[in-house]
Amino acid sequence: MGNIYLCHTPYHVLIALIRAMRSRPMPSRLVLSESVPEALSLRERLLAACPGLWEDITIVNEELLDAQNSESAFYRLRHPGRRPYFSLPKEGRVYISNDWSALGRYLQRERRVYTLCEDTCGGTLDPDQHLLEKQRAGAKGRYLYWGDSPCCRTVESEDAAQCTLFSPDKVAQFSAKKLLAELSEEEKSAVRAVFLTAPLPENTAGATLLLPRSFVQDGLMDQAEQDAIFRAVAEKYTAGPLFIKTHPRDDTDYAALFPGAVILPRTMPSEVLNFCLPFRFRRAVTVQSWVLRGFTAAEETVFLTLEQAKELVNQK
């Protein structure tokens with residue numbers, strides 16, 4: 001039996017996909033929470049991109065799963081023939097990033113041993129661990145999260161030697177940064193097939209990447225003002241084909257705002273840009289956003305303050 005990956009975000013799916021490709025020919029099993037954006041279409045692309053890679057891909061409604069988790073042991077003994085909403089096969093090593101979820105509670109209720117993966121690179125090294133500290137200081141409950149459950153036998157860390165949250169025998173070294181930096185061309189192609197919903201243009205020379213954020217969602221301006229700002233920024237800084245990758249919460253219709261631009265999926269993990277594209281951008285531009293921190297896919301990065309962006313509108 002291959003590995004079993006329980007995923008709550010597109011980033012989790014990205015890492016699970018690469019790990020599954022590395023563990024071939026043994027097929028893996030993937031469980032997608034409905035919290036993963038567009039989980040159904042993502043499932044179809046995962047199956048199509050790598051035939052034979054997945055033994056099964058299941059989409060789980062965690063509200064229904066939590067209702068199953070609330071059943072007492074006594075209830076389950078009295079209804080031995082009842083088919084549960086969700087179950088995992090008994091074999092296979094289980095990996096989960098968010099064990100503070102209905103899927104995490106399922107693993108603990110079933111006394112299923114699991115490995116806790118980092119939700120973000122270096123999370124186990126973050127000095128702010130107030131949730132874990134609060135849990136350890138309080139009364140013990142039925143479920144324990146963030147790696148403290150007895151069912152969690154291993155916690156992965158970007159740098160196991162520097163992780164002091166758990167005993168050394170519980171922490172395992174796993175570097176997502178190293179994994180992504182060493183992708184083969186075959187693996188990059190598979191990642192693009194899963195996360196890019198439209199083909200890339202043939203000519204990408206001198207491409208510019210615009211990385212907007214939603215000032216409208218943040219209550220800072222109306223849609224017309226935001227549109228004017230990003231039009232002005234694009235006009236000022238675009239050289240070559242224009243690509244747009246916005247924040248998942250931004251519901252602006254950028255295809256209408258920039259006809260002819262390549263609109264990248266808003267839910268696509270940013271790691272796809274950094275590690276998996278077959279080209280580098282000439283320039284990446286954003287306004288009042290930290291999205292360019294750690295961004296490596298452009299020869300030049302441009303960060304504008306909101307005031308600087310508004311000034312471009314006023315100059316028109």
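Worth saying up front: this structure is predicted, and the values here are computed from it rather than measured.
Here the rule is side chain to side chain contact (heavy atoms under 4.5 Å, CB included) with Val36, and of Leu42, Val60, Thr9, Ile59 only Leu42 fits it.
One finds the OG1 atom of Thr208 at 6.5 Å from the CG atom of Leu242 (value rounded to the nearest 0.5 Å). Rounding to the nearest 0.5 Å gives a distance of 8.5 Å between CG of Leu53 and CG of Leu46. With rounding to the nearest 0.5 Å, the separation of CG in Leu103 from CD1 in Ile96 is 5.5 Å. Summarising the geometry, atom OH belonging to Tyr85 is positioned 12.0 Å from atom OH belonging to Tyr106; distances are rounded to the nearest 0.5 Å. One distance of note links CG of Leu6 with CG of Leu107; it measures 5.5 Å at 0.5 Å rounding. With rounding to the nearest 0.5 Å, the separation of CD1 in Ile18 from SG in Cys276 is 6.0 Å.
Summarising the geometry of Ser289 relative to Phe303, their closest heavy-atom pair is O-CE1, 3.3 Å, with the distance given to 0.1 Å. Between Val216 and Gln226, the closest heavy-atom pair is N-OE1, 3.0 Å. The two atoms that bring Ala190 and Ala49 nearest to each other are O-CB, 4.1 Å, heavy atoms only. When every heavy atom of Leu32 is checked against every heavy atom of Leu30, the shortest pair comes out as CD2-CD2, 3.8 Å. Annotation for Leu88 and Arg29: closest pair CD2-CD, 4.5 Å, computed over non-hydrogen atoms. Of all heavy-atom pairs spanning Glu182 and Arg22, the tightest one is O-NH2, 3.6 Å.
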task = Go through the steps for Leu264 and Leu273 under the test side chain to side chain contact (heavy atoms under 4.5 Å, CB included), then give the verdict.
result = CA-CA 10 Å; Leu264 299 171; Leu273 296 173; 3.6 Å; yes

ask   = Step by step, would you call Gln315 with Leu312 a side chain to side chain contact (heavy atoms under 4.5 Å, CB included)?
value = CA-CA 5 Å; Gln315 292 172 3; Leu312 290 177; 3.9 Å; yes

Full working for side chain to side chain contact (heavy atoms under 4.5 Å, CB included) between Leu125 and Asp159 = CA-CA 8 Å; Leu125 308 178; Asp159 188 342; 3.8 Å; yes

message = As a quick check of understanding, evaluate side chain to side chain contact (heavy atoms under 4.5 Å, CB included) for Leu304 and Val233, giving each step before the final call.
response = CA-CA 9 Å; Leu304 298 174; Val233 170; 3.9 Å; yes

query = Do Glu133 and Arg136 pass the salt bridge (Lys or Arg N to Asp or Glu O under 4.0 Å) test, and can you show the C-alpha distance, the side-chain angles, and the key distance before you say yes or no?
reply = CA-CA 5 Å; Glu133 291 166 1; Arg136 289 176 174 176; over 6 Å; no

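Judged by distance alone, the side chain of Asp66 and the main-chain N or O of Ala102 form no donor-acceptor pair under 3.5 Å. Although no hydrogens or angles enter the test, the distance criterion places no donor-acceptor pair under 3.5 Å between the side chain of Arg142 and the main chain of Arg109. Formation of a donor-acceptor pair under 3.5 Å by the Lys170 side chain with backbone atoms of Gly147 is found in this model. Checked by atom type and distance alone, the side chain of Asn203 pairs as donor or acceptor with a backbone atom of Ala205 at under 3.5 Å. Counting only distance, with no hydrogens or angles, the side chain of Gln173 and the backbone of Glu158 share a donor-acceptor pair below 3.5 Å. The closest donor-acceptor contact from the side chain of Arg45 to the backbone of Val194 lies under 3.5 Å. Panel note: side chain Asp253, backbone Ala256; a donor-acceptor pair is recorded below 3.5 Å. A distance-only check finds no donor-acceptor pair linking the side chain of Asp148 to the backbone of Gln135 [under 3.5 Å]. The backbone N or O of Ser184 lies less than 3.5 Å from a partner atom in the side chain of Glu187, making a donor-acceptor pair. Formation of a donor-acceptor pair under 3.5 Å by the Glu55 side chain with backbone atoms of Ser28 is not found in this model.
At least one side-chain heavy atom of Arg112 sits less than 4.5 Å from a side-chain heavy atom of Ile4. In this structure the side chain of Val313 never reaches within 4.5 angstrom of the side chain of Glu225, judged on heavy atoms. In this structure the side chain of Arg213 never reaches within 4.5 angstrom of the side chain of Val291, judged on heavy atoms. The side-chain heavy atoms of Tyr114 and Ser149, taken from C-beta on, include a pair separated by under 4.5 Å. Looking at heavy atoms from C-beta onward, Pro27 lies out of side-chain contact with Trp54 at the 4.5 angstrom threshold. Under the 4.5 Å side-chain criterion, counting only non-hydrogen atoms from C-beta, Pro37 is in contact with Pro10. A heavy-atom distance below 4.5 Å is not found between the side chains of Pro150 and Gln108. The closest side-chain heavy-atom distance from Thr115 to Arg153 is not below 4.5 Å.
Cation-pi contact between Arg19 and Tyr95: present, with separation from the ring centre below 6.0 Å and deviation from the ring axis of at most 45°. Annotation: cation-pi geometry not satisfied between Arg192 and Phe275 (NZ/CZ under 6.0 angstrom from ring centroid, within 45° of ring axis).
Hydrophobic clustering (side-chain heavy atoms under 4.5 Å, transitive across Ile, Leu, Val, Met, Phe, Trp, Tyr) groups Leu179 together with Tyr11. Residue Leu200 is not grouped with residue Tyr254 when hydrophobic side chains (ILVMFWY) are merged at heavy-atom distances under 4.5 angstrom, including chains of intermediate members. In the hydrophobic cluster analysis, where Ile, Leu, Val, Met, Phe, Trp and Tyr join through side-chain heavy atoms closer than 4.5 angstrom, Met21 is grouped together with Leu196. When hydrophobic clusters are built by joining Ile, Leu, Val, Met, Phe, Trp and Tyr residues whose side-chain heavy atoms come closer than 4.5 Å, directly or via intermediates, Ile244 is not grouped with Trp290. Both Val287 and Val302 are assigned to one and the same hydrophobic cluster, defined by single-linkage of ILVMFWY side chains at heavy-atom distances under 4.5 Å.
The pair Lys310-Glu307 does not meet the salt-bridge criterion, since no charged nitrogen lies less than 4.0 angstrom from a carboxylate oxygen. With salt bridges taken as basic N to acidic carboxylate O contacts below 4.0 Å, one links Asp218 and Arg249. Using a 4.0 Å cut-off between charged nitrogen and carboxylate oxygen, Glu235 and Arg231 do not count as a salt-bridge pair. Comment: Glu299 does not engage Arg280 in a salt bridge, judged by the lack of any side-chain N to carboxylate O separation of less than 4.0 angstrom.
Qualifying ring-ring contact (aromatic ring centres under 6.0 Å, His included) partners for Phe281, counting only residues two or more places apart in sequence or in other chains: Phe243, Phe279. Residues passing the side chain to side chain donor-acceptor pair (under 3.5 Å) test with Thr124, sequence neighbours excluded: Glu118, Ser157.
Side-chain contact check for Tyr145 and Arg105: at least one donor-acceptor pair (N or O, by modelled atom type) lies under 3.5 Å. Side-chain atoms of Thr305 and Gln288 include no donor-acceptor pair closer than 3.5 Å.
Ring-plane geometry between His12 and His8 is classed as perpendicular, the angle between the planes exceeding 60 degrees on a 0 to 90 degree scale with a lower cut at 30.
A distance of 6.0 Å or more separates the ring centres of Tyr143 and Trp100.
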